[in-house]
Peer 1: 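Quick one: this structure, given as structure tokens, is what I'll be asking you about.
Below, each value reflects all heavy atoms present in this structure, side chains not excepted, and no hydrogens, waters or symmetry copies. Just so we're on the same page: letters track the sequence lines, and every chain starts at 1.
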Amino acid sequence: VRTLAALPPARTLDVACGTGYLTQHLRGEITGLDQSESMIEIAAARVPSARFITADALPLPVPDASFDRVFTGHFYGHLVEEERVRFLSEARRVAGELVIADTALQPDHEPIEWQERVLNDGTRHEVYKRYFSGEMLLDELGGGEVLHAGPWFVVVRS
Amino acid sequence: VEIRAAASGLDVQAVLILWGTGRTRHAATADTPEAVERLLETDPGALLVAMEGSELVGAVIAAFDGWRGNFYRLAVAPTRRREGIGRALVRAGEERLRAVGARRATALVAFEDEPARAFWTAVGYPSDPVIGRHVANL
């Protein structure tokens with residue numbers, strides 16, 4: 001959270017913002033999108049200074065170069081290879097800078113897992129989930145810098 | 001849902017995303033931040049947004065060129081259709097156009113876009129059987 005709040009203010013697109021938990025710490029002109037209307041409702045109540053809209057992330061329904069920064073928290077690690085490559089090219093198209101926050105590698109987890117998750121409504125979902133070191137992320141992004149590498153989270157900028 | 005004039009910057013970014021999610025294939029001009037900011041400069045108040053708090057749920061251009069009113073780019077978030085947001089945007093646009101002196105308004109609708117034709121007919125804009133458009137790119 002401190003790492004995100006320390007980023008210079010920028011026109012930022014927060015992709016898959018969820019309930020806006022991380023969105024609220026970003027500075028600058030913030031636009032959040034998520035495919036879930038109910039997530040967006042919560043985020044919009046939490047961060048009145050931003051703008052929110054319900055939309056899919058692939059492809060990003062956003063004009064070329066219309067943001068300074070794309071931010072995404074705990075989304076990148078759920079993308080399977082083909083989506084991951086597509087997301088990176090979409091992020092590059094939309095903004096010059098990409099900041100990714102995701103889950104750090106942990107001793108009791110494999111770097112790539114399929115996890116079963118049970119939602120509040122009782123439905124079960126298979127979820128693709130990856131764990132990262134800063135270096136792994138930078139490799140995939142083709143360079144950049146590690147902003148934070150703690151026991152739980154990594155944040156990189158590229 | 002509150003309808004108000006869009007402001008430069010954040011509102012424009014969000015409107016572009018909304019249009020990106022629902023762009024008709026009949027739209028002929030590019031949607032860019034520069035184009036929308038220019039609209040706000042030349043005709044402040046022409047771009048109306050429907051907001052639920054800080055969530056954008058709809059938008060329309062109700063432009064006045066000094067002679068007539070023109071509606072463009074009406075859009076409602078896919079998850080928020082069939083709630084009357086589009087109709088409310090048109091009514092707010094009419095109010096705005098009347099206030100700046102327009103007495104007649106037009107909506108551009110593709111002949112084969114049946115849902116849009118049905119919508120505009122239902123909100124009081126029947127298809128004009130007498131006058132059509134002659135157009136050129138500049």
Peer 1: Within the supplied structure, the quantity of interest is the number of heavy atoms (other residues, nucleotides, ligands) at a distance under 6.0 Å from A:D108 CG; does it exceed 12?
Peer 2: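 Counting other residues, nucleotides and ligands, CG of A:D108 exceeds 12 neighbours.
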
Peer 1: Could you tell me whether A:E145 and A:R157 have a side-chain N and a carboxylate O separated by less than 4.0 Å?
Peer 2: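 Yes, charged N to carboxylate O under 4.0 Å.
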
Peer 1: Give the interface residues of residues 71-108 of chain B toward chain A, defined by a heavy-atom separation under 4.5 Å.
Peer 2: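 Listed by number: B:T79, B:R80.
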
Peer 1: Can a donor-acceptor pair be found, under 3.5 Å and without considering hydrogens, that links the side chain of B:E55 to the backbone of B:E52?
Peer 2: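 Side chain of B:E55 to backbone of B:E52: no pair is present.
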
Peer 1: Side-chain donor-acceptor pair under 3.5 Å between A:S158 and A:R92, yes or no?
Peer 2: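 Note: A:S158 and A:R92 side chains meet the donor-acceptor criterion.
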
Peer 1: Anything in residues 2-18 of chain B with a heavy-atom distance to chain A below 4.5 Å? Please list those residues in order.
Peer 2: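 From residues 2-18 of chain B, the residues near chain A are B:R4, B:G9, B:L10, B:D11, B:Q13, B:A14, B:L16, B:I17, B:L18.
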
Peer 1: Membership question, hydrophobic clusters at under 4.5 Å side-chain separation (ILVMFWY): are A:I30 and A:I100 in the same one?
Peer 2: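 No, no single cluster joins them.
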
Peer 1: Return the orientation label for the B:Y125 and B:W120 ring planes: parallel under 30°, perpendicular over 60°, tilted otherwise.
Peer 2: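 Perpendicular, since the angle between the ring planes exceeds 60°.
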
Peer 1: Answer with yes or no whether the side chains of A:D34 and A:S36 bring together a donor and an acceptor at under 3.5 Å.
Peer 2: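 No pair is found: no donor N or O on one side chain lies under 3.5 Å from an acceptor on the other.
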
Peer 1: Of A:F75, A:F52, A:F71, which meets side chain to side chain contact (heavy atoms under 4.5 Å, CB included) against A:D14?
Peer 2: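 So, applying the side chain to side chain contact (heavy atoms under 4.5 Å, CB included) to A:D14 and each of A:F75, A:F52, A:F71, only A:F71 qualifies.
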
Peer 1: Should the pair A:R86-A:E83 be classified as a salt bridge under the 4.0 Å nitrogen-to-oxygen rule?
Peer 2: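 Not counted as a salt bridge, because no side-chain N and carboxylate O are separated by less than 4.0 Å.
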
Peer 1: Please flag which part of A:L13 lies under 4.5 Å from any non-hydrogen atom of chain B: side chain, backbone, both or neither.
Peer 2: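 When you check distances to chain B, only side chain atoms of A:L13 fall under 4.5 Å.
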
Peer 1: Check for a donor-acceptor pair, side chain of B:T121 on one end and backbone N or O of B:R117 on the other, with a separation under 3.5 Å.
Peer 2: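 Yes, B:T121 side chain to B:R117 backbone: donor-acceptor pair under 3.5 Å.
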
